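Counting from 1, the numbers follow the sequence of the chain as shown. All of these numbers come straight from a predicted model, not from anything done at the bench.
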Amino acid sequence: MKRNLLKKALAGLLSAALLALPTLAAEPQQPSPWAVNQLADSYALGLVDDNYTTYIQSPVTMEQLESMTKVVADKLALLELEPRTADAVGLVVDTTRGGVMNALYQEAATYDLPGVEEGPEAFLTGLGVVQGDGASLAQERTCTYQEAMVMANRLILAIYDGQDAGSKGLLWKATNGDNTLYLLGTIHLDRDNVYPLHKSLRDAIQASEEVIFELDLNDQEGIALLQSMQTYQDGTTLADHISPELYQRVQAAAAALGMDPNGLDAYKPWALASTISTLSMQDDTTGSNAMAIDLYVNAAAVNSGKAIGAVETYAFQGGIFDGLSPEYQEAYLDSALAGFEATLSGAATSPEIDEALQAQEEMLSAMFAAWKDRDPEAFSKVYDKAAIINSTDELNSKLFTQRDPGMIEAAAGYLETEGSHTYFMAVGAGHMVDPGGIVSGLRELGYTVELVP
């Protein structure tokens, strides 16, 4: 799995979401219009993968159905609902629409949920999981993968919504007259069972006419520029810029990921370090899709026809990393490799590395817990932004001191737009919190900013 994740990251660190419809035009199987708005959640939950356009309109197989019901079972188990003795007598599970309904119902029927005792059809239609064509539910017809995916996705979301569950995110609402700007502080990872997201967060995305990110994740020219900045263009390779010992470790890491030992030669140290660091920060709940929160928001927005905006350019953001000194880039890569190497089975590590990784794991888990609970105070206690800004680290201070003021200015610009508008801005959570964060920055400018209840 990590080999695929590395390839995905290197194909465009901070690049386009995989489920934006404009990128699917050449694929053989398009999702139906009524299913498009289900793709972001389905992908985040692991109900589809990167190859979904090769099978989404095909009849679902029993193997695929079993995989879907496992996703449903795993997500419902996290809710710790009151158990119920399910009565599955007479329920036929097969690849008809009725059989898929029965399979999904069985997973829900193990819990004491409102209406579950009424049986599959009444329970699933009552939740809006199955809607039919207005005339019938066509339960005898062969079920397509798309139909099964949508049913499974709707079931998970409906039950989570009924329990007021799901990750709430660090979400604020800024207002100025008739203008509203939702502010989501994101974490650029998928871990700690972050999906599904809470209904209040999903609804805020859908209520907005434009969704703004640090970068336009669908800007193909910008992505190409970033990719060119990540790689050497002067005929040299990685081996020409780092020590022989460090280069050997990069080769070993590539081999451990199932790649050619020289497969990473074109990349600069900062690009590899950023990507490898991300791999070491994932956990057992990170699926093969590894859909970072920003990518989810982008996919949900694009698939719903929202306009997309950006507060920065790829040239600016990439330049922060590409302008790092050679010495810093080499040290950055060394540190990232140490973390990755420690995750390999049987790898020898030092007590110092083990301690650092344990501290990182505890910090990330605490950050995600605060994020999921929409608790900015708890987040700030874990994420010491002041220490980051005041550190002598060459990169850390640049990530905020050179960027927060511009983000505050951009947010204020949306609030000053003439007319009545609703916008949604999703940038790294570190840019939202103090010192110098967007939330307090807008308040100082006189705007009303409140945490979404």
Under 4.0 Å between a side-chain nitrogen and a carboxylate oxygen: does that hold for [X] and [Y]?
X	Y	value
R249	D334	yes
E312	R403	yes
R202	D161	yes

Would T125 and Q131 satisfy side-chain contact (heavy atoms from CB on, under 4.5 Å), going step by step from the backbone distance to the final call? CA-CA 6 Å; T125 56; Q131 299 174 4; over 6 Å; no

Any idea which heavy atoms bring [X] and [Y] closest together, and the distance?
X	Y	result
L357	A342	CD1-CB, 3.0 Å
L364	D192	O-OD2, 4.2 Å
H431	L399	CE1-O, 3.1 Å
A300	Q206	O-NE2, 3.9 Å

Run the side-chain donor-acceptor check on residues 73-82: report pairs under 3.5 Å with partners two or more places apart or on a different chain.
residue	atom	partner	partner atom	Å
D74	OD2	K70	NZ	2.7
K75	NZ	Y195	O	2.6

Sorted by first residue and then second, give each side-chain hydrogen bond (donor to acceptor under 3.5 Å, both in side chains) pair with at least one member in residues 444-453; sequence neighbours left out.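 Listed by first then second residue: E416-Y447.
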
Will you find, in the side chains of D190 and Y296, an N or O donor that is under 3.5 Å from an N or O acceptor?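 Checked: D190/Y296 side chains show no N/O donor-acceptor pair below 3.5 Å.
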
Answer with yes or no whether the side chains of D49 and Y43 bring together a donor and an acceptor at under 3.5 Å. no

Could you walk me through whether Q64 and Y55 satisfy the side chain to side chain donor-acceptor pair (under 3.5 Å) test, starting with their C-alpha distance in whole Å, then the side-chain angles of each, then the deciding distance to 0.1 Å, before giving a yes or no? CA-CA 11 Å; Q64 290 170 332; Y55 58 75; over 6 Å; no

For the residue pair H421 and Y423, categorise the inter-ring angle as parallel (less than 30°), tilted (30 to 60°) or perpendicular (more than 60°).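 It falls in the parallel class, under 30°.
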
Which class fits the ring pair F123 and Y105: parallel under 30°, tilted 30 to 60°, perpendicular over 60°?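 If you compare the ring of F123 with that of Y105, the planes turn out perpendicular.
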
Go through the structure and list residues passing side chain to side chain contact (heavy atoms under 4.5 Å, CB included) with Q329, not counting sequence neighbours. K268, P269, W270, L324

I'd like to know if the side chain of T286 reaches the main chain of Q282, judged simply by a donor and an acceptor atom lying under 3.5 Å from each other, with no hydrogens or angles considered.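 Here the side-chain-to-backbone pair does not exist.
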
